[in-house]
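Here the structure comes first, spelled out in structure tokens, and everything after it is commentary.
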Amino acid sequence: MVVASPTQIHGEKLLAIELPVIDLSGERSMVSNLIVKACEEYGFFKVKNHGVPHDIIAKMENESLNFFAKTFDEKQKAGLANSFGYGCKNIGFNGDTGEVEYLLFNTNPLSIAERSKTISNDPTEFSSAMSGYIEAVRELACELLDLMAEGLWVPDRSVFSRLIRDDDSDSIIRLNHYPPIPVLCKDKDSSSPCNHNKVGFGEHSDPQILTILRSNDVGGLQISLKDGAWVPVTPDPSAFCVNVGDLLQAMTNGRFVSVRHKALTNSYKSRMSMAYFAAPPLNARIAVPPEMVTPIKPALYRPFSWAEFKKAAFALRLGDSRLGLFRMEVVEQVA
């Protein structure tokens with residue numbers, strides 16, 4: 001059963017739009033074109049028949065539930081060290097907060113195996129579940145990036161995906177838990193439940209290439225499309241939600257849009273999600289394929305490394321814009 005989510009923060013405008021749902025079992029060229037269209041129009045879409053085995057998803061979700069069910073003191077044993085581990089309410093390093101707790105990992109198997117010792121009573125089982133899940137969603141991300149390149153008519157179909165297949169990929173995974181937070185508001189006569197939800201994870205775009213998100217049946221995710229209005233994303237545990245990251249917007253010369261989004265808490269049920277952020281190696285050069293640069297559509301962003309962009313992102317607040325720092329300067333010719 002899908003649990004209806006109170007999805008409005010007081011005073012905000014909502015739009016009733018359903019994201020595209022793309023069946024990956026369809027004819028390849030059609031699927032490729034649908035993905036490109038979704039990335040251009042929404043920056044977000046859902047995929048079904050994605051090929052990630054249900055048992056791999058279920059194992060990872062079960063391990064996540066087991067961890068977040070622990071006491072706060074137990075969870076703190078996996079505390080943040082070198083940016084990875086357990087976090088509660090504090091997001092990043094610049095004062096952003098939200099009603100969320102999370103586990104953050106680098107996707108390197110050795111790093112996961114070591115950190116699992118402070119997370120699970122059965123570190124081998126946790127490490128196995130995490131590594132299996134990462135491998136499966138990485139393959140999904142690579143397939144989607146290849147389909148994007150085909151749909152954009154870029155001759156080198158692996159131009160995007162090889163960045164995250166690299167052994168030195170800087171990809172990360174975050175397990176999120178948004179506890180239920182009942183909110184009461186008083187009218188003249190009585191107290192009644194309110195739909196004015198708390199912010200779990202504030203407004204932001206993802207700095208990496210692509211995000212693959214899996215969530216339970218509790219809503220809360222919203223994306224920003226037009227005129228400052230927010231679009232609630234209907235939860236669908238049978239599908240993955242996919243969104244364009246800042247790097248992919250840069251590498252497609254602005255054709256794909258890295259859309260701002262946020263997560264709200266639910267008044268009645270916990271929301272759980274697992275987000276895989278596909279990123280290149282730190283020294284990878286981020287540039288537009290030459291086929292996508294023309295006199296009519298010149299390059300919008302200067303080439304940069306992921307390390308350079310990541311440093312800029314970490315220096316800013318969650319909701320700050322990063323890509324603007326890397327736009328080409330337009331010099332008007334004065335006759």
Side-chain angles (χ1 to χ4, degrees), residues 35-36 38-44 83 91-96 106 141-142 144-145 148-149 151-154 156 158-166 168-172 174 201-212 223-226 228 242-262 275-333:
I35 289 174
V36 167
C39 291
E40 291 175 334
E41 293 184 3
Y42 298 96
F44 267 79
S83 302
I91 301 169
F93 306 101
N94 299 306
D96 292 296
N106 182 280
C142 288
L144 292 171
L145 289 169
M148 290 172 189
L152 291 168
W153 294 93
V154 177
D156 181 1
S158 64
V159 65
F160 306 133
S161 64
R162 67 167 169 263
L163 292 171
I164 64 174
R165 287 191 187 278
D166 193 292
D168 294 324
S169 161
D170 193 43
S171 299
I172 60 175
R174 193 177 65 229
F201 209 100
E203 178 182 348
H204 64 286
S205 63
D206 294 340
Q208 295 88 357
I209 297 174
L210 197 72
T211 303
I212 308 289
I223 66 174
S224 178
L225 289 183
K226 299 175 182 177
V242 181
N243 66 275
V244 172
D246 293 344
L247 295 190
L248 191 55
Q249 177 172 323
M251 289 189 292
T252 58
N253 209 24
R255 276 189 65 175
F256 290 1
V257 185
S258 179
V259 172
R260 301 172 78 79
H261 52 287
K262 64 184 178 184
Y276 169 76
F277 302 95
L282 287 169
N283 63 357
R285 183 174 183 269
I286 305 302
V288 184
E291 299 83 8
M292 298 191 68
V293 179
T294 68
I296 299 174
K297 185 70 172 177
L300 294 177
Y301 306 98
R302 66 173 177 82
F304 53 87
S305 71
W306 167 231
E308 186 181 1
F309 191 84
K310 186 176 179 181
K311 181 180 179 180
F314 272 62
L316 298 172
R317 296 291 297 271
L318 187 65
D320 290 340
S321 174
R322 315 170 192 100
L323 270 176
L325 300 174
F326 296 86
R327 286 187 70 93
M328 289 282 201
E329 292 185 3
V330 178
V331 180
E332 294 184 0
Q333 297 290 331

Requested in this report: Compare all side-chain heavy atoms of Val36 with those of Arg255 and state whether any distance is below 4.5 angstrom.
Outcome: yes
Query - From CD1 (Ile209) to CG (Leu163), nearest 0.5 Å - result: 4.5 Å
Query raised in the report: Taking the side chain from Arg322 and the backbone from Ser205, do they hold a donor-acceptor pair closer than 3.5 Å?
Result: yes
Query raised in the report: Looking at CZ of Arg174 and OH of Tyr276, how far apart are the two atoms once the value is rounded to the nearest 0.5 Å?
Result: 14.5 Å
Query raised in the report: Tell me, do Trp306 and Pro207 make a side-chain contact under 4.5 Å, heavy atoms counted?
Result: yes
**Report entry** Heavy-atom pair of closest approach, residues Leu210 and Met148
**Finding:** CD1-CE, 3.7 Å
Query raised in the report: Heavy-atom distance under 4.5 Å between the side chains of Glu291 and Leu152, does that happen here?
Result: no
Query raised in the report: Is Leu225 close to Tyr42 at the side-chain level, that is, under 4.5 Å between some pair of heavy atoms?
Result: yes
**Report entry** Spatial distance of atom CZ (Arg317) from atom CG (Asn94) [nearest 0.5 Å]
**Finding:** 7.0 Å
Report task. Without swapping roles, check the side chain of Asp166 against the backbone of Asp168 for a donor-acceptor pair under 3.5 Å. Result -> yes
Query - Close side-chain approach of Leu247 to Phe309, heavy-atom, < 4.5 Å - result: yes
Query - Atom NZ of Lys311 with >12 non-hydrogen neighbours under 6.0 angstrom - result: no
Query raised in the report: With side chains defined as the heavy atoms from C-beta onward, is the minimum distance between Phe201 and Lys262 less than 4.5 Å?
Result: no
Query raised in the report: Within the distance-only criterion (no hydrogens, no angle test), does the side chain of Ser169 pair as donor or acceptor with the backbone N or O of Ala279 below 3.5 angstrom?
Result: yes
Query raised in the report: Hey, is the main chain of Lys297 close enough, under 3.5 Å, to the side chain of Thr294 for a donor-acceptor pair?
Result: yes
Query raised in the report: So, for Leu318 and Gly202, which heavy atoms are closest and what is the spacing to 0.1 Å?
Result: CD2-O, 3.6 Å
Report task. Please answer whether the main-chain N or O of Gly245 pairs with a side-chain N or O of Asp206 as donor and acceptor at a distance below 3.5 Å. Result -> no
Query - Test item: Met328 and Pro298 side chains (from C-beta on) under 4.5 Å apart, heavy atoms - result: no
Requested in this report: Would you give the length of the straight line joining atom CD1 of Ile212 to atom CZ of Phe277, rounded to the nearest 0.5 angstrom?
Outcome: 11.0 Å
Report summary line: Residues Ile164 and Pro280: closest non-hydrogen pair is CG2-N, 4.5 Å
Requested in this report: State the SG-CZ distance between Cys142 and Arg165, to the nearest 0.5 angstrom.
Outcome: 3.5 Å
Requested in this report: May I ask you to test the Val159-Met251 pair for a side-chain heavy-atom distance under 4.5 Å?
Outcome: no
Report task. Taking all heavy atoms of Ala275 and all of Thr211, pick out the closest pair and write down the distance. Result -> CB-CG2, 4.4 Å
Query raised in the report: Relative to the ring of Phe44, is the ring of His261 parallel (under 30°), tilted (30 to 60°) or perpendicular (over 60°)?
Result: perpendicular
Query raised in the report: Are any side-chain N or O atoms of Asn283 and backbone N or O atoms of Ala307, one a donor and one an acceptor, separated by less than 3.5 Å?
Result: no
Query raised in the report: What pair of heavy atoms forms the shortest contact from Thr252 to Met292, and how long is it?
Result: O-CE, 3.3 Å
Report task. Before giving the answer on side chain to side chain contact (heavy atoms under 4.5 Å, CB included), spell out for Arg162 and Asp156 the whole-Å C-alpha distance, their side-chain angles and the decisive distance to 0.1 Å. Result -> CA-CA 10 Å; Arg162 67 167 169 263; Asp156 181 1; 2.6 Å; yes
**Report entry** Euclidean distance, Asn243 CG relative to Ser258 OG, rounded to 0.5 Å
**Finding:** 7.0 Å
**Report entry** Nearest heavy-atom neighbours spanning Ala250 and Tyr301
**Finding:** CA-CD1, 3.6 Å
